[in-house]
Amino acid sequence: MKKRTISDIEVKGKRVLVRVDFNVPLDANTGAISDDSRIQASLPTIKYLVDRKAKIILCSHLGRPKGKVVEELRMAPVAQRLSQLIALPVSTAQDCVGQEVEKKVKVLKEGDILFLENVRFYPEEEANDPHFAQELAKLADVYVSDAFSAAHRTHASTVGVAKYLPAVAGFLMEKELEAVGRLLHSPEHPFACVVGGAKVNDKIGLVQNMLKVVDFLLVGGGMAATFLKAQGYEVGDSLVEKDKLNLAKDLLQEAEKWNVPLSLPTDVVVAEEIKAGAKTLVVSITDIPPNSYVVDIGPQTIELFCTKLRECHTIMWNGPLGIYEIPQFAQGTRSIASFLSTLNATTVVGGGSSAEIVQEMGLTDKMTHVSTGGGASLRFLEGAALPGVEVLPDKEENQR
Ligand code: 3PG
Ligand code: MG
C-alpha cells in the first residue's frame, strides 16, 4: 500500500513540520560531522518544499542525550551543514517547542527554513508524550515524515505528532519504502541475500524472513563462526554464541525446507589477536587452529560468493563479512562491496555499517539503493511494521 506523499497535497504558504533524521556521525575528537549522507538524502524533500513556497520547520534528534540538554548535541552545526548543501539560509531555534519557537515560526516567510533544537533534549520525545506531541503539532499545519531511519522508534516526533496533523511521507521516506519494500514483495529473481555482522542473534529475524523470498543466502562475518560450529567445525577462540548453536542449526534446516542454498565460508582469515598488525593466516574451515580467531572470509570464499552473485538480478547486503574496522581484516567486506558496485543487478545495501563502508569506499552512487536506516531497514526486512510508517495514511484509491 502506497503512502500519501508531499506531492499529493498543497503546501504553498503552509507551515510544514518535517521530521528528518539528521542523526549524523560526529568525529569523536573534533565533534565535526563525519558523514553528511543523511542530510543529503533529505535534500529533495526540503528543496521541493522551498520551491513550492512552504514555510519549513525541520526537526530531528542527534545522538542520545537522554532527555537533557547536551551542548555537543545541539542541532546548529547540522543546520549549518544543511545551509551549505542547499545554498540557502537556515535559521535555528534554541528549543523545539514553546513560545520562543512559536515566535520564530510566526515570522517565517514562504520558502524560509527553520531548524528546531534536538527533540531528544526532552524526555517526552522518547516517551511519546501526547502533550509534547501536541506542542510540536501546534507549530505547523502539515506533518511530513522523511525520517525512515528513525521510523522503528515510537517517539513523539516520529509517531505521536502524526495524530494531530495531516501527515504525509517525504521523498526519502517514499524512496526507502519502495526500494526496501520491493525486496520483500516483488524482487527480480534470482535474488541473493548476503548477511554478515557479529552476532547471529541480531540477524535471526532477517534470515528467517529473507528465506521466504531469496534464492541464495550467503553468510559471513562473525556470525558465520556460530554456523560453522553448529555444523561441527572447530572455530578456535572465535566468539561463538553457545546459546544460539541450536538456533543456527534450526536456521540451516529452515533454509533446507525453503530450498534455499545457504553458503557459509569455505576458507577464512584467522589471527591470534584482534588488533592491527596481527599476523594473519588463510585456512580452510576444516583447519582453523586453536587459539585463533576467525576475522574475515578467505579468498576462495570471496570467489565463491562472487560466482553466485554474478547470476543474480537482485542482491541485498546487510552486515560486514569480517572485522572490517581493522584494515587487514577488511578484505572480504571490501571485495564484496566492490564487486556489487560493478553489477547491473539491483543492489540494495542495508544501512548501518554496510552503508558506512560503501560510503567510505565512494561506491554509494554505484549501488541501486543504500538505505539510510540501520535498525529501521533491518526491522523492515524482518517483516516488522515500523511505527513511524504505520502512522502515515495510505494514498486514496483514486490517487494511486
Ligand atoms: C539511527 O541512527 O539508528 C537512528 O537515527 C535512530 O537513532 P537511535 O538508534 O538512537 O534511536
Ligand atoms: Mg541506532
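As the structure lists them, so they are numbered: ligands from 1, and atoms in each ligand from 1. What you are looking at is a predicted structure, and each value in this text was computed from that prediction instead of being measured. Positions are given from 1 along the sequence.
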Interfacing atoms of ligand 1 (cut-off 4.0 Å, heavy-atom, [X]):
{"X": "N23", "answer": "1 (C), 2 (O), 4 (C), 5 (O), 7 (O)"}
{"X": "R153", "answer": "8 (P), 9 (O), 11 (O)"}
{"X": "R120", "answer": "7 (O), 8 (P), 10 (O), 11 (O)"}
{"X": "R64", "answer": "8 (P), 9 (O), 10 (O)"}
{"X": "D21", "answer": "4 (C), 5 (O)"}

Are [X] and [Y] within salt-bridge range, i.e. N to O under 4.0 Å?
{"X": "E178", "Y": "K2", "value": "yes"}
{"X": "R74", "Y": "E117", "value": "yes"}
{"X": "K229", "Y": "E234", "value": "yes"}

- [ ] Scan E126, H155, R19, E125 and name whichever one has a side-chain hydrogen bond (donor to acceptor under 3.5 Å, both in side chains) with H61.
- [x] R19
Please classify the [X] to ligand 1 contact at 4.0 Å (heavy-atom distances, strictly less than): side chain, backbone, both or neither.
{"X": "E126", "value": "neither"}
{"X": "S149", "value": "backbone"}
{"X": "R38", "value": "side chain"}

TODO: For the residue pair T346 and F191, establish whether any side-chain heavy-atom pair is separated by less than 4.5 Å.
DONE: no
TODO: Kindly assign one of parallel, tilted or perpendicular to the pair Y122 and F132, based on the angle between their ring planes and the thresholds 30° and 60°.
DONE: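 Tilted.
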